[in-house]
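Worksheet: the structure to be examined is printed underneath.
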Amino acid sequence: MKRFILFTLMLIVGTGYLTIKYFKSLNSSGVHAGNIMRTIPDSAVAVFEFSNDKGFYEIFTDNTLLGSLIGEQAISELDTVRQTLFGNAALQQFFEGSNVFLSLHPNTGAGPQLLLTAAAGKDFEISILDALAKQKKTGMLITSFTMNEKRGFIIYFASLKKRFYLLNTEENIYSASFSKELIAQVASPQNDKEKSAFLLLPDQQNSNSLANLYINYSQLSPLFDKLFKTKNNDIFKNFRLLPASAALNLNYKADALMFNGYTKTDANKPASYLNLFISQAPVENQLKEIFPSTTAYTINMAASDPEKFMGDLTNFQDKAGLKTDRDTLLKRVKAETGINLKSELTKLLGKEFAVVTTRYREKFALITVKDGSKLRPFMVNISTMINDDTGELNYNKLPYFMFGDAFNAFRRPYFRIFDNYLVLANSVKELDSFADSYLNRKFMSKTDSYQRFDNLMAERSNVTFYINFKNARAILKNDLKDNVLNAYENNKLSLLNFESASYQFTATDGNFYTNFCMLRNQPDTTIRSKSDQNQQ
């Protein structure tokens with residue numbers, strides 16, 4: 001199951017390469033999707049819904065891009081389950097064409113595990129499984145068990161030498177997993193609930209969809225805890241803290257995984273930093289044009305009304321109990337410099353700001369301003385200048401209080417202004433590195449691979465998370481747990497086959513329109529051309 005852990009890294013998006021001709025209209029064997037998802041434990045971080053169609057599995061087995069996300073072992077195991085168990089003549093007709101809900105659960109002792117949930121045909125009886133258990137030469141040893149008054153079966157696959165647990169959750173809904181612990185969660189009385197923890201799609205939208213991806217953001221932190229060595233890992237940290245759920249549809253594209261849909265925030269839970277962008281209008285993303293070519297991952301934020309954003313941030317910090325610390329700091333700045341920093345900065349603030357981490361773990365804060373020449377005197381007065389261009393802020397945590405949670409890594413940073421960009425970094429060396437990229441135009445946007453990827457992203461958004469797998473490789477190698485790293489690197493089917501991935505939030509009607517995109521690398525045409533020459 002270690003290969004399944006790779007599946008978790010990109011939120012179970014592997015089946016994105018299924019061609020349209022293999023999909024039937026989604027149906028749930030007479031059982032509404034909401035009723036099926038209600039039986040899935042709330043510990044799930046994501047649920048992928050697809051049709052149990054023969055053509056689907058043909059592509060699922062042979063698709064090497066899908067394997068790059070799941071791994072060879074997982075593909076083999078799932079294919080064995082499909083062919084040996086559900087492909088058995090006794091069961092096939094009752095599950096063929098049904099929707100399968102594949103959910104990922106990070107809070108199991110053995111690490112992230114998968115759960116399969118589906119509704120059998122209306123004429124299916126559990127006695128059919130009892131009869132199957134008596135058959136010989138099926139490649140399976142089947143024994144029954146009962147867990148919290150729910151009937152189940154343990155299927156031992158001779159070819160895998162592993163146990164697979166199948167549980168009759170309720171009526172004709174069945175849950176199955178290689179994890180006994182996960183099946184115990186399904187059977188738990190606490191799992192009997194009236195509704196799903198996930199945002200559901202309207203019936204019409206569901207019926208017209210090729211496949212769906214549902215995400216429970218509250219479970220992202222437990223997932224990352226299973227993947228990374230430290231809980232303080234900053235990769236997409238703000239993304240993980242958003243109190244929300246999402247429902248996304250698959251959009252077919254030959255060389256990319258693409259999902260689009262909506263993220264709905266939970267008004268009953270405390271707001272997070274990202275909630276501040278819901279009340280903003282979408283902004284054309286331009287700051288990404290100056291991201292260094294060494295960029296590993298970023299969070300890029302955009303506010304159509306910077307003054308409103310600053311006001312909302314103040315209210316957010318007040319509710320978080322930060323009012324006293326912030327006001328004390330700003331009063332000190334006023335007393336020592338005569339500058340009303342918040343007021344002056346608000347007047348000059350542009351619409352975009354970002355935090356960029358490079359492959360060398362350099363970290364930059366990039367902030368657009370209306371006029372860099374007007375901002376410079378204020379920055380000089382609150383800093384100790386190292387030279388004519390560079391200074392160190394004299395006050396601790398100013399970026400955090402001025403711009404919010406995403407800037408918490410910059411306590412007393414150094415600053416430099418490049419045209420109409422304010423750049424912060426924790427060392428002069430890092431600022432010099434950015435200066436080299438900026439002045440010599442060494443930007444990610446100048447590379448062919450990024451331009452291919454950028455064409456797939458929405459032009460306007462309010463929050464964008466981006467990762468470049470090649471540049472992030474050294475960071476992931478150091479930060480991922482050993483078993484996850486082994487699956488990431490020592491597998492010919494690897495995430496390294498992909499160029500980049502992004503997750504975008506665009507404010508609309510009090511929530512976020514959401515885009516997920518993951519682009520594969522282009523084939524190495526140089527190797528191919530050499531091979532062609534050798535054959536001539």
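As the structure is a computational prediction, the values presented were derived from the model and not from experiment. Numbering starts at 1 and runs along the sequence shown.
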*Check for a donor-acceptor pair, side chain of Lys481 on one end and backbone N or O of Asp225 on the other, with a separation under 3.5 Å.*
yes
*Test item: Glu430 side-chain N/O and Lys363 main-chain N/O as donor-acceptor pair under 3.5 Å*: yes
*State yes or no: are the ring centers of Tyr503 and Phe465 separated by less than 6.0 Å?*
no
*Does Asp327 have any side-chain contact (heavy atoms from CB on, under 4.5 Å) partners at least two apart in sequence or in another chain, and if so, which?*
Lys323
*asked:* How about CD on Glu289, more than 12 heavy atoms from neighbouring residues, nucleotides or ligands closer than 6.0 Å, or not?
replied: yes
*What residue pairs, at least two apart or across chains, pass salt bridge (Lys or Arg N to Asp or Glu O under 4.0 Å) with a residue in residues 307-322?*
Lys308-Asp312, Asp318-Arg326
*Is the centre of the Phe434 ring less than 6.0 Å from the centre of the Tyr421 ring?*
no
*side-chain contact (heavy atoms from CB on, under 4.5 Å) with Ala184: which residues, sequence neighbours excluded?*
Met147
*Mind checking side-chain contact (heavy atoms from CB on, under 4.5 Å) for Glu284 and listing every partner two or more places apart, or none if nothing turns up?*
Gln286, Arg460
*Contacts of Ala271 that satisfy side-chain contact (heavy atoms from CB on, under 4.5 Å) - sequence neighbours left out*: Asn275
_Phe277/Phe309 aromatic ring centres below 6.0 Å_ = yes
*By side-chain hydrogen bond (donor to acceptor under 3.5 Å, both in side chains) - contacts of Thr295 (at least two apart)*: none
*Ignoring hydrogens and angles, tell me if any N or O in the side chain of Asn462 forms a donor-acceptor pair with the backbone of Ala281 under 3.5 Å.*
yes
_Side-chain donor/acceptor of Ser179 to backbone N/O of Leu182, under 3.5 Å_ = yes
Please list every donor-acceptor pair under 3.5 Å in which a side-chain atom of residues 396-412 meets a protein atom from a residue at least two apart or in another chain.
{"unit_1": "Arg411", "atom_1": "NE", "unit_2": "Asn408", "atom_2": "O", "d": "3.1"}
{"unit_1": "Arg412", "atom_1": "NE", "unit_2": "Leu393", "atom_2": "O", "d": "3.0"}
{"unit_1": "Arg412", "atom_1": "NH2", "unit_2": "Leu393", "atom_2": "O", "d": "3.3"}

*State whether Tyr217 and Arg240 meet the cation-pi test: NZ (Lys) or CZ (Arg) under 6.0 Å from the six-membered ring centroid, and within 45° of the perpendicular axis.*
no
*Cut-off 3.5 Å, side chains only: do Thr358 and Asn471 have a donor facing an acceptor?*
no
*Is the backbone of Ala296 close enough, under 3.5 Å, to the side chain of Thr357 for a donor and an acceptor to pair up by distance?*
no
*asked:* Taking atom CG as the centre, does Asn478 end up with more than 12 heavy-atom neighbours from other residues, nucleotides or ligands that are less than 6.0 angstrom away?
replied: yes
_Run the side-chain hydrogen bond (donor to acceptor under 3.5 Å, both in side chains) test against Asn420 and tell me which residues pass, sequence neighbours left out._
none
*Under 6.0 Å between the ring centres of Phe224 and Phe236?*
no
_Is it the case that the side chain of Gln280 and the backbone of Ser304 share a donor-acceptor pair, with hydrogens and angles ignored and the cut-off at 3.5 Å?_
yes
*Is there a donor-acceptor pair closer than 3.5 Å between any side-chain N or O of Lys264 and the backbone N or O of Ala246?*
no
*Do you see a donor-acceptor pair shorter than 3.5 Å between the side chains of Asn300 and Thr298?*
no
_Once side-chain hydrogen bond (donor to acceptor under 3.5 Å, both in side chains) is applied, do any residues pair with Lys374, and if so which ones, sequence neighbours excluded?_
none
*Would you say the ring centroid of Tyr297 lies under 6.0 angstrom from that of Phe291?*
no
*Check Asn191, Thr169, Thr39 against Ser175 for a side-chain hydrogen bond (donor to acceptor under 3.5 Å, both in side chains) and give me the one that passes.*
Thr169
_Under 3.5 Å donor-acceptor, Asn216 side chain and Val45 backbone_ = no
*asked:* What I want to find out is whether Lys150 reaches Asp192 closely enough, with some N-O distance under 4.0 Å, to be called a salt bridge.
replied: yes
*What residues, two or more places apart in sequence or in another chain, satisfy salt bridge (charged side-chain N to carboxylate O under 4.0 Å, His left out) together with Asp305?*
none
_Donor on one side chain, acceptor on other, Glu49 and Asn212, under 3.5 Å_ = yes
*Between the main-chain N or O of Leu519 and the side-chain N or O of Glu499, is there a donor-acceptor pair closer than 3.5 Å?*
no
*Please name all residues satisfying side-chain hydrogen bond (donor to acceptor under 3.5 Å, both in side chains) with Thr294, sequence neighbours left out, ordered by chain then number.*
none
*Is there a donor-acceptor pair closer than 3.5 Å between any side-chain N or O of Asn511 and the backbone N or O of Thr265?*
yes
*asked:* For Lys193, give me all partners under salt bridge (charged side-chain N to carboxylate O under 4.0 Å, His left out), at least two apart in sequence or on another chain.
replied: Asp42
